[in-house]
Amino acid sequence: MTNPAAAELIARSNRLGADPKNTNYAGGNTSAKGTETDPVTGEPVELLWVKGSGGDLGTLTEQGLAVLRLDRLQALQGVYPGVDREDEMVAAFDYCLHGKGGAAPSIDTAMHGLVDAAHVDHLHPDSGIAIATAADGEELTATVFGDKVVWVPWRRPGFQLGLDIAAIKAANPQAVGCILGGHGITAWGDTSDEAEANSLWIIDTAAAYLAEHGDPQPFGGVRPGFEALPEVERRERAAALAPTIRGIASHDKPMVGHFTDADVVLDFLASEKAPALAALGTSCPDHFLRTKVKPLLLDLPATAAADEQIARLHELHAEYRADYQAYYDAHATADSPAIRGADPLIVLVPGVGMFSYGANKQTARVAGEFYVNAINVMRGAESVSTYSPISDAEKFRIEYWALEEAKLQRMPKPKTHQGRIAFVTGAASGIGKAIATRLAAEGACVVVADLDPEKAQAAAAELGTADVAIGVAANVADAAAVQAALDEAVLAFGGVDLVVNNAGLSLSKPLLETTEADWNLQHDVMAKGSFLVSKAAARVLIDQKLGGDVIYISSKNSVFAGPNNIAYSATKADQAHQVRLLAVELGEHGVRVNGINPDGVVRGSGIFASGWGANRAATYGVEEEDLGQFYANRTILKREVVPENVADAVYVLTGPELSRTTGLHIPVDSGVAAAFLR
């Protein structure tokens, strides 16, 4: 049974974390102190429940809490070696834990355990950080809150900060919390409700002061030519730039992207102060750990041509990398972790929007959300004062903190396809759905493209949230529809790495019964459709400069002369030769092109369900329900082929093991000697 104090803590945390005005995703921490029975002695013991490292308040559960013996935690004050060695105290928290399981204690644990209050909240609200990052933040704190909130000068999170806040509370019994310079807020209370009320009072009071006293144009006037483009033009430009920008962000390691053209971003980018403020970077540690110390800002107007913008972005990228290397070199010591890459995580394009990046879609999206937080902070600080973030030296101490490095090293090893974006046609059912499912399971972001958008969206929803998969309409026989689908893909995930030409259909007819319409339909969908998808995707792959994969789901019939399917087999042979042609043409860009030749995939197949199965069964003189076994019996291995077998082949061809393979066709047919490749 959950302890009542812990239950109150979880409920309070979920309420606070559900509203973005209170804190950012995975930001801040909360705690409660209470009594539990020690299972060893049977005596009551005072405990501290505190949100563990890496958790999110809005979704916090009991498993996300660290539970510590309060007496042992507070006793650490007696062995504290001083601020120069305060990092050693984090390891000591493990010796204060009560029981097993639960989350790892975070660096802020001391703040919660040492402050003399039953309930403590540490949050990162935009309004509070605006006061915390104002040049005259200390004076503003007194003006806004009187003596109910106390200013705490910037100090890196840790044991000493916990001691400082504990001393401030003891010296200011009238206070309900404090503003942490450059960082955020901390509030407390004797009950959970009181702590929550005090947190919300600080947040809302700061927001009300900024609204009443702030300059209505804190970022200055609008720069001519830097205003937002009309929506349709804006998103077309974003799709055109996205592959190049993703390549920039992925110079050191592959990144997934996120795009937003929210008004808050566009208004900031159009303003006079945007260049100077962007150069100052973010201040709250949660912000710059996700966004890097500063973004890359394109210094051309929205009216510039796309080619001109792309050329300038490459120039700015080189400058950004040099600046970041200089930042690292200026502050690194012999004990500092190695540089973690010099590419931007936030790229700002005036008139278009913000591109944010991370190891996966969620991380990329959250990075963008954090920069929106930073814009809000800058707006608030500039409206009543001057935005003054913590110094680059202090940012470096956080970014390359040994404790932060240890946290990163504890991250699970990425899956084989993490950071890759797959575009799979005909993926709402059958082989395509199996491929999409396998790639998503291996860590890829997946675009489920299908003629039926509702089915595509439903199939994507089965794979996970929009951070994992999206469904898009894609009539592969229409060039404009194909381009629109690829544009959706690059705006959703930043680009495309892996294209699977799977969309298909079949009509089983002998030559004299095959109409011109039959022939055109199958060639339009499979031969022409694969060509159109590959052509549109190739532009993205080339602009990214990250290599990639194109897979054609062809057929055993591309090399085997089966009865009564002239149109289908001919178009499959066309697809098979496209593999060879494109492997040669795209190889110089690091793009591998390979094919898969399945046969007899009856179970789960959209083609067989649409009438092809009945026709083939009639051709071979068997019942339709026996067709799968009929195909299996005529193979060398005597084993039925299912969609998941084809998906396995796609996984192998696009994984790290066959990185030197292109122009290959893999049979997935249980062995049909007549279809052996020669």
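Using a 4.0 Å cut-off between charged nitrogen and carboxylate oxygen, K169 and D116 do not count as a salt-bridge pair. Ion pair E231/R235 not flagged as a salt bridge, since none of the NZ, NE, NH1 or NH2 atoms sits closer than 4.0 Å to an Asp/Glu carboxylate oxygen. A salt bridge does not link E394 with R156: every distance from a Lys NZ or Arg NE/NH1/NH2 to an Asp or Glu carboxylate oxygen is 4.0 Å or more. Ion pair R340/D252 not flagged as a salt bridge, since none of the NZ, NE, NH1 or NH2 atoms sits closer than 4.0 Å to an Asp/Glu carboxylate oxygen. Ion pairing of D164 with R155 is present here, as a side-chain N (NZ or NE/NH1/NH2) and a carboxylate O approach within less than 4.0 Å.
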message = Under the criterion side-chain contact (heavy atoms from CB on, under 4.5 Å), I'd like the reasoning laid out for V347 against L297: C-alpha separation, chi angles, the key distance, then a yes or no.
response = CA-CA 6 Å; V347 178; L297 172 64; over 6 Å; no
Worked verdict on V45 versus H98 for side-chain contact (heavy atoms from CB on, under 4.5 Å) = CA-CA 10 Å; V45 59; H98 178 74; 4.2 Å; yes
task = Could you check I129 against I131 for side-chain contact (heavy atoms from CB on, under 4.5 Å), going step by step and ending with a plain yes or no?
result = CA-CA 5 Å; I129 305 175; I131 304 297; over 6 Å; no
task = Go through W151 and E139 one step at a time and tell me if the side-chain contact (heavy atoms from CB on, under 4.5 Å) criterion holds.
result = CA-CA 9 Å; W151 172 264; E139 292 79 8; over 6 Å; no
message = Using salt bridge (Lys or Arg N to Asp or Glu O under 4.0 Å), reason through E46 and R69 one step at a time and then give a plain yes or no.
response = CA-CA 6 Å; E46 292 295 315; R69 283 273 299 262; over 6 Å; no
task = Let me see the working for Y324 and E319 under side-chain hydrogen bond (donor to acceptor under 3.5 Å, both in side chains), right down to the final yes or no.
result = CA-CA 9 Å; Y324 189 84; E319 294 174 13; over 6 Å; no
message = For D56 and K51: C-alpha separation, side-chain torsions, deciding distance, then whether salt bridge (Lys or Arg N to Asp or Glu O under 4.0 Å) applies.
response = CA-CA 8 Å; D56 172 55; K51 192 205 84 168; over 6 Å; no
message = If you apply the rule salt bridge (Lys or Arg N to Asp or Glu O under 4.0 Å), what do you find for E369 with R365, and how did you get there?
response = CA-CA 6 Å; E369 292 171 2; R365 174 177 53 78; 2.9 Å; yes
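Residue I203 holds its CD1 atom at 4.0 Å from CG of N22, rounded to the nearest 0.5 Å. Taking CG of L229 as the reference point, atom CG of L266 lies at 9.0 Å (rounded to 0.5 Å). Here CG of L277 is found 12.5 Å from OG1 of T282. Values are rounded to the nearest 0.5 Å. Separation of atoms CD1 (I185) and CD1 (I202) is listed at 4.5 Å; rounding is to 0.5 Å. Note that the CG atom of L163 and the CD1 atom of I168 stand 11.0 Å from one another [nearest 0.5 Å]. Atom CE of M354 is separated from atom OG1 of T260 by 5.5 Å, given to the nearest 0.5 angstrom.
Considering every non-hydrogen atom in both A304 and E308, the closest pair reads CB-OE1, 3.7 Å. Between V150 and A175, the shortest heavy-atom contact is CG2-CB, 3.9 Å. Across all their heavy atoms, A103 and G64 have their closest contact at CB-O, 3.5 Å. In terms of heavy-atom proximity, A195 sits nearest to D121 at O-OD2, 3.4 Å. When all heavy atoms are compared, the tightest approach of K33 to A5 is O-CB, 4.0 Å. For A132 against G184, the heavy-atom pair with the smallest separation is CB-N, 4.3 Å.
In terms of the ring pair (Phe, Tyr, Trp, His ring centres under 6.0 Å) criterion, H112 has no residue partners (sequence neighbours excluded).
Between L76 and C96 the shortest side-chain heavy-atom distance falls below 4.5 Å. Using a 4.5 Å cut-off on side-chain heavy atoms (C-beta onward), I165 and W188 make contact. For the pair I179 and F145, the minimum side-chain heavy-atom distance is below 4.5 Å. Side-chain contact between L296 and I346 is absent, with no heavy atoms from C-beta onward closer than 4.5 Å. Considering only heavy atoms from C-beta on, V144 comes within 4.5 Å of T205 through its side chain. With a 4.5 Å cut-off on side-chain heavy atoms, I245 and L313 count as touching. With contacts defined as side-chain heavy-atom distances shorter than 4.5 Å, the pair L16/T23 does not qualify. Side-chain contact check for F226 versus T303: every heavy-atom pair is 4.5 Å or farther apart.
With hydrogens and angles ignored, the 3.5 Å screen pairs no side-chain donor or acceptor of S271 with any backbone N or O of G221. Of the possible donor and acceptor atoms, none in the side chain of E404 sits under 3.5 Å from a partner among the backbone N and O of E399. One N or O on the side chain of R246 and one on the backbone of M255 form a donor-acceptor pair closer than 3.5 Å. At least one donor-acceptor pair closer than 3.5 Å links the side chain of E86 to the backbone N or O of F159. With hydrogens and angles disregarded, no donor-acceptor distance shorter than 3.5 Å links the side chain of T244 to the backbone of I310. A distance-only check finds a donor-acceptor pair linking the side chain of N14 to the backbone of L60 [under 3.5 Å]. Remark: the backbone N or O of Y95 is paired with a side-chain donor or acceptor of R72 at under 3.5 angstrom. Between the S385 side chain and the E382 main chain, no donor and acceptor come within less than 3.5 Å of each other. Put simply, the side chain of S31 never gets that close to the backbone of H119: no donor and acceptor are under 3.5 Å apart. In this structure, K361 contributes its side chain and V256 its backbone to no donor-acceptor pair below 3.5 Å.
A perpendicular orientation is assigned to the rings of F268 and F219, their planes being inclined by more than 60° (bins at 30° and 60°).
Environment of CZ in R223: crowded, with over 12 heavy atoms of neighbouring residues, nucleotides or ligands closer than 6.0 Å. The number of heavy atoms from other shown groups lying within 6.0 Å of CG (D190) does not exceed 12. More than 12 heavy atoms of other residues, nucleotides or ligands shown are found within 6.0 angstrom of CG on D215.
Under the 3.5 Å distance criterion, with hydrogens and angles disregarded, no donor-acceptor pair is assigned to the side chains of E88 and Y80. Using modelled atom types, one finds no donor on one side chain facing an acceptor on the other under 3.5 Å when comparing N373 with N24. Side-chain polar atoms of Y320 and E315 form no donor-acceptor pair below 3.5 angstrom. Side-chain N/O atoms of T30 and S13 include a donor and acceptor closer than 3.5 Å. Using a 3.5 Å distance cut-off with no hydrogens or angles, the side chains of D343 and H317 do pair a donor with an acceptor. Of the N and O atoms on the side chains of D329 and Q325, at least one donor lies less than 3.5 Å from an acceptor on the other residue.
The stretch residues 330-372 participates, sequence neighbours left out, in these ring-ring contact (aromatic ring centres under 6.0 Å, His included) pairs: F259-F355, H287-F370, Y327-H331, H331-F396.
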